[in-house]
Structures are given as structure tokens and as C-alpha cells.
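The structure under discussion appears below in the form of C-alpha cells.
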Amino acid sequence: MTRLLTLLALVLALLASTQLASAQPDRVLDARQALTDGVLAGDADAILGARATLALAAEADGPEAAWATYYGALADYRLAYTFWSADADRAAQHAASGADALADLRRQRGLPDGLAPEAAALQSALLGAQMGLDPSQAMSLGSVSTAAIEEAARLDADNPRVQLIHAQTLLNTPEEWGGDPDRALALLQASTAGFDVSEAGDALAPTWGAGDAYAWLGMAHLMRGEAAEARVAIEAAERLTPNSEFVQFKLKPWLGSVEGETQAP
């Protein structure tokens with residue numbers, strides 16, 4: 001009887017673990033959708049809730065855990081910019097947490113297909129956020145961020161998120177230190193075009209970034225004084241991300257001033 005009960009317990013444990021494994025992709029997908037919804041709504045609490053779910057999913061076994069780590073870092077990226085103006089210390093904590101998680105992830109072997117360039121690019125973006133919040137870290141983090149985005153571009157140069165983050169780096173870096181606004185503009189044009197093409201493949205693979213790409217394309221045009229081109233890009237960004245503070249409080253006022261200068265006698 002004891003052996004029968006032991007065998008039954010083992011069978012039940014195996015069934016439970018199988019059910020958990022089969023449910024894992026759904027949990028990551030649901031959390032990713034909650035993250036997307038929170039970003040679109042500008043709801044920090046929703047983003048934090050998605051991040052908590054992803055942290056639990058990242059502790060499981062299997063390739064879904066690696067994607068959960070990635071999306072948890074993406075939540076940190078969104079939270080860093082959500083708290084940027086209101087609570088810089090909290091923003092910096094999220095930027096550092098996400099960057100550290102991706103650094104650990106990138107050291108793992110056997111990552112799911114397509115994850116390596118995505119993780120490298122997002123790590124570079126999070127390091128850029130850290131430097132933006134605390135410029136004194138530029139000396140220690142700048143080379144790490146540059147190496148990460150260059151690795152991402154080497155692995156998947158046509159990835160629209162890699163192109164987006166590479167362009168952000170080039171726009172945020174002074175030209176004497178390697179910044180290149182013209183190349184950034186070309187990358188953003190390629191990125192927005194890439195997002196306009198439907199993506200296929202692994203259901204867990206990322207699809208985020210189209211609104212960001214159009215917003216930064218608008219910024220690149222504004223930096224060149226190209227009001228008409230900037231307006232087209234900013235309007236596209238606003239349709240995709242209507243609650244973006246970057247669009248509403250930085251790009252649209254800037255566009256108004258550039259258009260005013262263009263129309264002045």
C-alpha cells in the first residue's frame with residue numbers, strides 16, 4: 001500500500017509539473033499583454049503588477065523563463081521613464097534592475113532563438129537610462145552600453161527594436177564622442193518601416209516599439225528643423241501611444257515652436 005501511495009504521489013507530481021509547464025507560456029503572454037496595456041494607459045500600477053507576475057515566471061524552468069526575464073526588464077525600462085520626472089531615485093532603481101537582469105540573462109547558454117539581440121539592445125537602452133538619470137556613470141557604463149548595442153546589431157541588424165535603440169544611442173551621444181544624427185535618422189526610417197511589416201515566429205517574441213520608433217523619428221526630424229516630416233511621425237506616434245508623456249509634453253510643444261519658426265516672416 002505504501003509503495004502504491006508513493007507511486008500515486010509521483011504520478012500526481014508529474015502531472016502537476018506538466019500542467020505548470022504547459023501553462024507557463026500563457027502566463028508570460030498574459031503578463032506581456034498586461035504590460036502593454038499598462039504602457040498604453042500610462043498606468044504605473046498595472047506595469048508594476050505585470051512586472052511582479054513576470055518575476056515569478058522567470059523563476060521557473062524552460063525557455064519561457066528567459067522571455068519572462070526579458071519582459072520583466074522591459075517593464076523596468078517603462079517604469080524608469082514613468083518615474084523619470086516624479087521620482088528619479090525610483091527610476092534609477094528600475095533602470096539598474098533591468099540592466100542587471102539582462103546582463104545575467106545574456107551570460108546564460110542556450111537562449112531561445114531571437115532573444116540574444118533583443119536582450120543586448122534592451123540592456124543598452126537601460127544602461128542609457130541609467131546614464132541619463134546620473135551622467136556621472138557615463139564613464140563606467142558608456143562603453144558597456146555601446147558594446148551591447150553593437151553586439152545586437154551584429155546579431156540582427158534588421159531588427160526594428162535594435163535599429164530604434166541604436167538610433168537613440170546615436171542621437172543622445174555628442175558627435176565628438178561618436179554620435180551621428182544622420183545615421184540615426186536612417187536607422188529610425190528603417191525601424192518604422194520594419195514595424196509596418198507583420199511579424200511572425202515565436203509567440204513570445206517581442207513586438208513592442210512601433211510607437212517609440214515613430215516618436216524618435218519625429219525627434220530626429222525636429223533636431224534637423226524639418227517640421228512637416230516631424231509632424232507626420234509625431235502624429236503616427238500619438239495614434240500608437242496616445243498617453244505618451246514624451247510625445248505630449250516634449251515632442252508636440254517642440255513641434256509647435258519649430259513650425260512657428262518655419263512660418264515666421
Side-chain angles (χ1 to χ4, degrees), residues 39 74 77-78 80-81 84 117-118 120-132 135 138 141-143 145-199 206-242 244-264:
V39 171
L74 178 60
Y77 175 70
R78 296 306 193 188
Y81 284 96
W84 191 285
E118 298 279 3
L122 184 56
Q123 182 191 9
S124 178
L126 282 156
L127 291 168
Q130 285 184 261
M131 290 184 283
L141 299 182
S143 60
S145 177
T146 298
I149 192 58
E150 288 179 348
E151 172 71 4
R154 186 185 66 79
L155 292 170
D156 191 357
D158 295 327
N159 183 308
R161 281 165 297 280
V162 172
Q163 292 168 333
L164 163 64
I165 294 168
H166 199 175
Q168 290 173 330
T169 301
L170 294 171
L171 285 176
N172 286 327
T173 303
E175 291 188 48
E176 60 270 23
W177 293 351
D180 189 339
D182 292 337
R183 187 179 176 204
L185 178 63
L187 283 168
L188 288 164
Q189 290 169 331
S191 177
T192 52
F195 280 116
D196 289 339
V197 177
S198 61
E199 300 185 37
T207 59
W208 67 272
D212 304 89
Y214 277 105
W216 280 83
L217 178 60
M219 182 174 173
H221 283 302
L222 288 172
M223 293 173 70
R224 299 159 67 92
E226 298 167 347
E229 294 86 346
R231 173 169 287 280
V232 172
I234 291 169
E235 288 177 349
E238 190 172 23
R239 287 193 298 271
L240 291 165
T241 53
S244 168
E245 293 188 1
F246 180 54
V247 172
Q248 298 299 327
F249 301 119
K250 182 178 179 65
L251 297 184
K252 291 181 73 175
W254 189 355
L255 174 63
S257 67
V258 171
E259 288 181 327
E261 292 171 4
T262 301
Q263 296 167 7

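Atom set for the values below is all heavy atoms of this structure, side chains included, hydrogens, waters and symmetry mates excluded. Residue numbers run from 1 in the order of the sequence given. Predicted model, so just to flag it, every value in this text is computed and none were measured.
Closest approach of Ala227 and Val258 over heavy atoms only: CB-CG1, 3.8 Å. Residues Gly218 and Ala230 share a closest heavy-atom pair of O-CB, 3.7 Å. Closest non-hydrogen pair, Val162 versus Pro117, comes out as CG2-O, 4.0 Å. Taking both residues in full, the closest heavy atoms of Ala148 and Gln123 are given as CB-OE1, 4.2 Å, listed atom of the first, atom of the second, then distance. Nearest heavy-atom pair across Ala152 and Ala121 is CB-N, 3.7 Å. When every heavy atom of Leu188 is checked against every heavy atom of Leu164, the shortest pair comes out as CD2-CD1, 3.9 Å.
Looking at heavy atoms from C-beta onward, Met219 lies in side-chain contact with Phe246 at the 4.5 angstrom threshold. You'll find the side chain of Asp180 stays beyond 4.5 Å of the side chain of Leu171, heavy atoms only. Counting only heavy atoms from C-beta outward, the side chains of Lys250 and Glu245 never approach each other to under 4.5 Å.
A search for side chain to side chain donor-acceptor pair (under 3.5 Å) contacts involving Asp182 returns Arg224, not counting sequence neighbours. In this view, Trp84 and Tyr81 satisfy the ring-ring contact (aromatic ring centres under 6.0 Å, His included) rule, not counting sequence neighbours. Every residue two or more places apart in sequence or in another chain that forms a side chain to side chain donor-acceptor pair (under 3.5 Å) with Ser145 is listed here: Ser124. Remark: His221 pairs with Glu226 by the side chain to side chain donor-acceptor pair (under 3.5 Å) rule, at least two apart or across chains. A search for salt bridge (charged side-chain N to carboxylate O under 4.0 Å, His left out) contacts involving Glu150 returns nothing, not counting sequence neighbours. Residues forming a side chain to side chain donor-acceptor pair (under 3.5 Å) with Glu151 (at least two apart in sequence, or on another chain): Arg154.
In this structure, Trp208 CH2 and Leu122 CG are separated by 5.5 Å, a value rounded to the nearest 0.5 Å. Separation of atoms CG (Leu127) and OG1 (Thr146) is listed at 9.5 Å; rounding is to 0.5 Å. The structure places CD of Glu238 at 10.0 Å from CG of Leu251, a figure rounded to the nearest 0.5 Å. Atom CG in Leu222 sits 13.0 Å away from atom NZ in Lys252 (nearest 0.5 Å). Separation of atoms CZ (Phe195) and CG (Leu240) is listed at 10.0 Å; rounding is to 0.5 Å. In this structure, the separation between CD on Gln163 and CH2 on Trp216 is 15.5 Å, given to the nearest 0.5 Å.
When atom types are taken as modelled, the side chain of Thr173 and the backbone of Leu170 share no donor-acceptor pair closer than 3.5 angstrom. One N or O on the side chain of Thr192 and one on the backbone of Gln189 form a donor-acceptor pair closer than 3.5 Å. When atom types are taken as modelled, the side chain of Ser244 and the backbone of Val247 share a donor-acceptor pair closer than 3.5 angstrom. Of the possible donor and acceptor atoms, one in the side chain of Arg161 sits under 3.5 Å from a partner among the backbone N and O of Pro206. Looking only at distances, a side-chain donor or acceptor of Ser191 sits under 3.5 Å from a matching main-chain atom of Pro160.
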Would you sort out whether Leu217 and Leu185 count as a side-chain contact (heavy atoms from CB on, under 4.5 Å), showing the intermediate values? CA-CA 7 Å; Leu217 178 60; Leu185 178 63; 3.6 Å; yes
